[in-house]
Number of protein chains: 2
Amino acid sequence: MKKVPSAVIPRLSLYYRTLLESRKDFLSSEEISKLTYFSASQVRKDLAYFGQFGIPSKGYHTEKLKKAVEKILGLDKKWEVALIGVGNLGSALLSYKGFSRQGFYIHYAFDKDKRKIGKRVSSVLIRDISQLEMVIKRKKISLAILALPKEEAQSIVDRLVNCEIKAILNFAPIRPYVPKGVVVLNIDLSIELERLAYFLKQSLK
Amino acid sequence: MKKVPSAVIPRLSLYYRTLLESRKDFLSSEEISKLTYFSASQVRKDLAYFGQFGIPSKGYHTEKLKKAVEKILGLDKKWEVALIGVGNLGSALLSYKGFSRQGFYIHYAFDKDKRKIGKRVSSVLIRDISQLEMVIKRKKISLAILALPKEEAQSIVDRLVNCEIKAILNFAPIRPYVPKGVVVLNIDLSIELERLAYFLKQSLK
DNA sequence: TAGATTGTTAATCGATTAACAATC
DNA sequence: TAGATTGTTAATCGATTAACAATC
């Protein structure tokens, strides 16, 4: 199978949302294009990486394609997620109800602050960071979200890598080093704001 | 001047961080490469879009380059930012101290919830959303952060566009429509988690 | 069958990398 | 001057778009 460019995956997520909302039995690539602002060519090509889902002259069966994309993205599974760092941002993520709809469950949270340990946020127990390795191994957690200060990020990443975590969503404003075979997605708010500031400067000229 | 590819800007932000942390007088593209994991070619090319900052056989004067990048990214200016939606995520953003270091000041926050209006979060007054247009025009706010439910996002974006906001950081899980000349950067946590889930599925095979 | 739309191949576009003359 | 590293041009790579034969 041809290698799937990584930009395809977030587009699949957006197609999926469109499929969820559609009330038509069939959708053509042209219609999906209208709804998502991606080109019809791109829609067809993206889907073709994973199989032949369409019917010439009809388009894609909405329900079947939905199921197929669900499977591709792993939304048919449940994923246990560990949150590390229960500050303002961490608490907000814990309280967000939207994740469970896609099968992501933040059932485990860690912090090093003794005043937080033992408390609950959105009914999730905050555990001592020293328990990190033990809990991750026992509970088959495969995904971690980092919401902690940049000073602590790399050492926690190292510990996560050590207990076989393969995927990390990082909110700390550093780009942690990870060995091959592990992915980190960095969500770096300062960088996004700087991109906007750059754009603003341009548009003022 | 040649058009600057948009991927250059976030890299500049990362070079900038490196410059802030460096204690050397000069840095070569090779050294910047080592520190950022971007290629030395790319470092030189990215910088060359904006001028000739380097000295052959010496490299880049750290302090001068820092100042130059600061100017390019608009970090030498102060930016007034409006936050719309003071829920869990909005409150976390208000409380985050890191933005002001880059010149971003969230001095204005809006919500429609009567119980929140009039209260303060991190000393910022929460205003009635009905005041949005008035305050934005008066206070020369040029940047908006959206942290509200997806149902409300598009209508607020429309109002922001109407009062000449040109740059929006959107956390709501939709891709709002904006006319040309306005940028929206979407930070969509579900999509990022889905990317990670896809990667995990692959690596388990 | 005729019309519509897929899946796929080829063409285009843009971004990254490599190479090297210019120059401090 | 010799050595090092820039800025820039050319080559490569990868992703997007266009075109169209296959097919329902």
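So that the names make sense, note that chain A is the first sequence line, chain B the second, and so on, each numbered from 1. Treat the numbers as computed from the prediction; the structure is a model and nothing was measured.
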Hey, what's the ring geometry for A:H61 with A:F26, parallel, tilted or perpendicular (30° and 60° as the breaks)?
-> perpendicular
Qualifying residues under ring pair (Phe, Tyr, Trp, His ring centres under 6.0 Å), relative to B:Y96, sequence neighbours excluded | B:F99
List in numerical order all residues of residues 11-33 of chain A for which some heavy atom is under 4.0 Å away from an atom belonging to DNA chain C.
-> A:S28, A:S29
Considering only heavy atoms, which members of residues 40-48 of chain A lie under 4.0 Å from some atom of DNA chain C?
-> A:R44, A:K45
Indicate yes or no: at least one non-hydrogen side-chain atom of B:L12 is less than 4.5 angstrom from one of A:Y198.
-> no
Would you confirm whether B:K201, through its side chain, and A:K71, through its main-chain N or O, come within 3.5 Å as a donor-acceptor pair?
-> yes
Please output the side-chain donor-acceptor pairs of residues 158-167 of chain B that fall under 3.5 Å, not counting sequence neighbours, one pair per line with the distance.
| residue | atom | partner | partner atom | Å |
| --- | --- | --- | --- | --- |
| B:D158 | OD1 | B:Q154 | NE2 | 2.8 |
| B:R159 | NE | B:E133 | OE2 | 2.8 |
| B:R159 | NH2 | B:I129 | O | 3.0 |
| B:R159 | NH2 | B:E133 | OE1 | 3.0 |

A:K24: side chain to side chain contact (heavy atoms under 4.5 Å, CB included) partners, not counting sequence neighbours | A:S22, A:L27, A:E31
Heavy-atom closest pair, residues B:A153 and B:L146 = O-CD2, 4.1 Å
Where DNA chain D forms runs of at least three Watson-Crick or G-U pairs (i with j, i+1 with j-1, under 3.5 Å), the stems are C:3-24 with D:3-24
When you match A:V8 and A:P56 each to their closest nucleotide on DNA chain D, which lands nearer the 5' end?
-> A:V8
For A:E80, the side chain to side chain contact (heavy atoms under 4.5 Å, CB included) test, sequence neighbours excluded, returns A:Y105, A:H107, A:Y108, A:I141
Least distance between heavy atoms, A:A68 atom then A:F53 atom | CB-CE2, 3.6 Å
Heavy atoms of A:A144 and A:I84 approach each other most closely as CB-CD1, 4.0 Å
Which residues in residues 57-71 of chain A have at least one heavy atom lying under 4.0 Å from any atom of DNA chain D?
-> A:S57
Go through the structure and list residues passing side chain to side chain contact (heavy atoms under 4.5 Å, CB included) with B:T36, not counting sequence neighbours.
-> B:Y15, B:T18, B:I32, B:F38
How would you list, by chain and number, every residue that makes a side chain to side chain donor-acceptor pair (under 3.5 Å) with A:Q131, sequence neighbours excluded?
-> none
Span of DNA chain D in contact with chain B (heavy atoms, under 4.0 Å) | D:dG3 to D:dT9
With sequence neighbours left out, write down each residue that passes ring pair (Phe, Tyr, Trp, His ring centres under 6.0 Å) with A:Y177, or none if nothing qualifies.
-> none
For B:W79 and B:G74, indicate whether the former's side chain and the latter's backbone hold a donor-acceptor pair under 3.5 Å.
-> yes
Between B:V8 and B:F50, what is the shortest heavy-atom contact and its length?
-> CG1-CE1, 4.1 Å
